[in-house]
Amino acid sequence: MANNDKGRVFGHIPGTTVGQIFADRVELAKAGIHKPTQAGISGSAKEGSDSIVLSGGYEDDEDFGNVIIYTGAGGKEHNAKVQTFDQQLSTTNLALARSHLEGYPVRVSRSLKHKDPKSTEKGYEYAGLYKVDDYWQEKGRSGFYVWRYRLIACDEQPTQEAPDEPSNGHTEARRVQTTVQRIVRDTKIAKRVKQLHNYQCQVCGIALETSAGLYAEAAHIKPLGQPHNGPDVESNILCLCPNHHVLFDNGGFTISDDLKLIGIEGELKTVTRHTVDLAFIQYHHEHYHMKR
DNA sequence: GGGCCCGCAGGG
DNA sequence: CCCTGCGGGCCC
């Protein structure tokens, strides 16, 4: 699946399977599932988080199997058990927030002891991919603020507590199967275009500032997929805010050969390192703007 | 079982 | 480069 410049891999690791058991954190790291040998969250503020581990080290965790309420890192003295100060939305906590914003799937592994407190076995089980459905801060049991993340399983996988929902046949299974692809909003190429524009909309110049960082959307000019079959290349992508993305995809405006906007005021904002292909612009103009 | 300290590998 | 972190082993 998608990976980025530094080689951080999002999604399943080839050669590993959901349910696979690893002897310890070093084995998890060697397999490429979770690289840090101690930290519970793998990731960086800019790239997002690709993996977490549940070890039972944080009292505010809640594990329902397919749904996990995970606690951010920090707020403790070195290797302490209890929170003694507020957690910050930085480093790995910010990475998980970024994964929510970008829709990245996060690998989840559980210590066997965490999966079943009665278990005397050691080791970690790879539980598959989850999406970061939401994140927020609240006071934990200690009385200090913690960051919390609701993770929802992408893969069909056995639950620990909740019984399976009544089956309604193959439609549900198909939905689950397609979830992983659907939640990832960006290809590597799309992300690069957004970075070139500093996440500023090429129409209005606004970059949305969220607590997880800047947000913009990559809009394909000649759409991907049948029957258009536009390519996923930089010259076929615009960096837009969500409002102008919707307008562009639905005929609210289009672009002329000299990059003037048609349908709304202004002209397309450009940067030197990113040029659009006029052929794609003409395709959009021809097929998506009301003729009169 | 709890405390302590030794770790490594990643991230800032 | 220094610092941190949902380990882990060892000692009592």
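In what follows, every chain begins at residue 1, and chains take the letters A, B, ... in the order their sequences are listed.
Proximity note for A/Ala45 (side chain, C-beta onward) versus C/dC6, B/dG12, B/dG10: the nearest is B/dG12. Here the side chain of A/Lys122 is nearest to one of C/dG8, C/dG9, B/dG12, namely C/dG9. Taking every side-chain heavy atom of A/Arg8 into account, B/dG10 is the closest of B/dG12, B/dG10, C/dC6. Of all nucleotides listed (B/dG10, B/dG11, C/dG5), B/dG11 comes nearest to the side chain of A/Ser44. Residue A/Asp24 has its side chain nearest to C/dG8 when only B/dG10, C/dG8, C/dC6 are considered. In the set B/dG12, B/dC8, C/dG7, B/dC8 carries the atom at the smallest distance from any side-chain atom of A/Thr37.
Between A/Arg141 and A/Glu59 no salt bridge is recorded (no basic side-chain N to carboxylate O distance below 4.0 Å).
A continuous path of ILVMFWY side-chain contacts below 4.5 Å connects A/Leu261 to A/Leu240, so both sit in one hydrophobic cluster. Transitive grouping of hydrophobic side chains (ILVMFWY, heavy atoms separated by less than 4.5 Å) brings A/Leu259 and A/Phe248 into a common cluster.
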For nucleotides 10-12 of chain C, print each protein N/O atom paired with a nucleotide N/O atom at under 3.5 Å, atom names and distance only.
none

Given the rule that a pair is Watson-Crick or G-U wobble with both distances under 3.5 Å, how would you write DNA chain B in dot-bracket, using | for pairs to a different strand? ||||||.|||||

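Panel note: side chain A/Arg98, backbone A/Ala212; a donor-acceptor pair is recorded below 3.5 Å. For A/Gln87 (side chain) and A/Gly75 (main-chain N/O), no donor-acceptor pair under 3.5 Å exists by modelled atom type.
Note: A/Tyr288 and A/His228 have tilted aromatic rings, judged against thresholds of 30 and 60 degrees for the angle between ring planes. Aromatic ring orientation, A/Tyr149 versus A/Tyr135: parallel (interplanar angle below 30°, classes split at 30° and 60°).
Put simply, the side chain of A/Val132 does not reach to within 4.5 Å of the side chain of A/Ser49, judged on heavy atoms. Between A/Arg107 and A/Tyr126, the closest side-chain pair of non-hydrogen atoms falls below 4.5 Å.
Regarding A/Lys30, its NZ atom lies at a distance of 10 Å from the P atom of B/dA9, rounded to whole Å. In this structure, CG of A/Leu96 is placed 12 Å from C1' of C/dC6, rounded to the nearest angstrom. Distance, A/Glu59 CD to C/dC6 C1': 13 Å, rounded to whole Å.
In this structure, A/Thr71 reaches the bases: a heavy-atom distance under 4.0 Å links it to at least one base atom across the strands shown.
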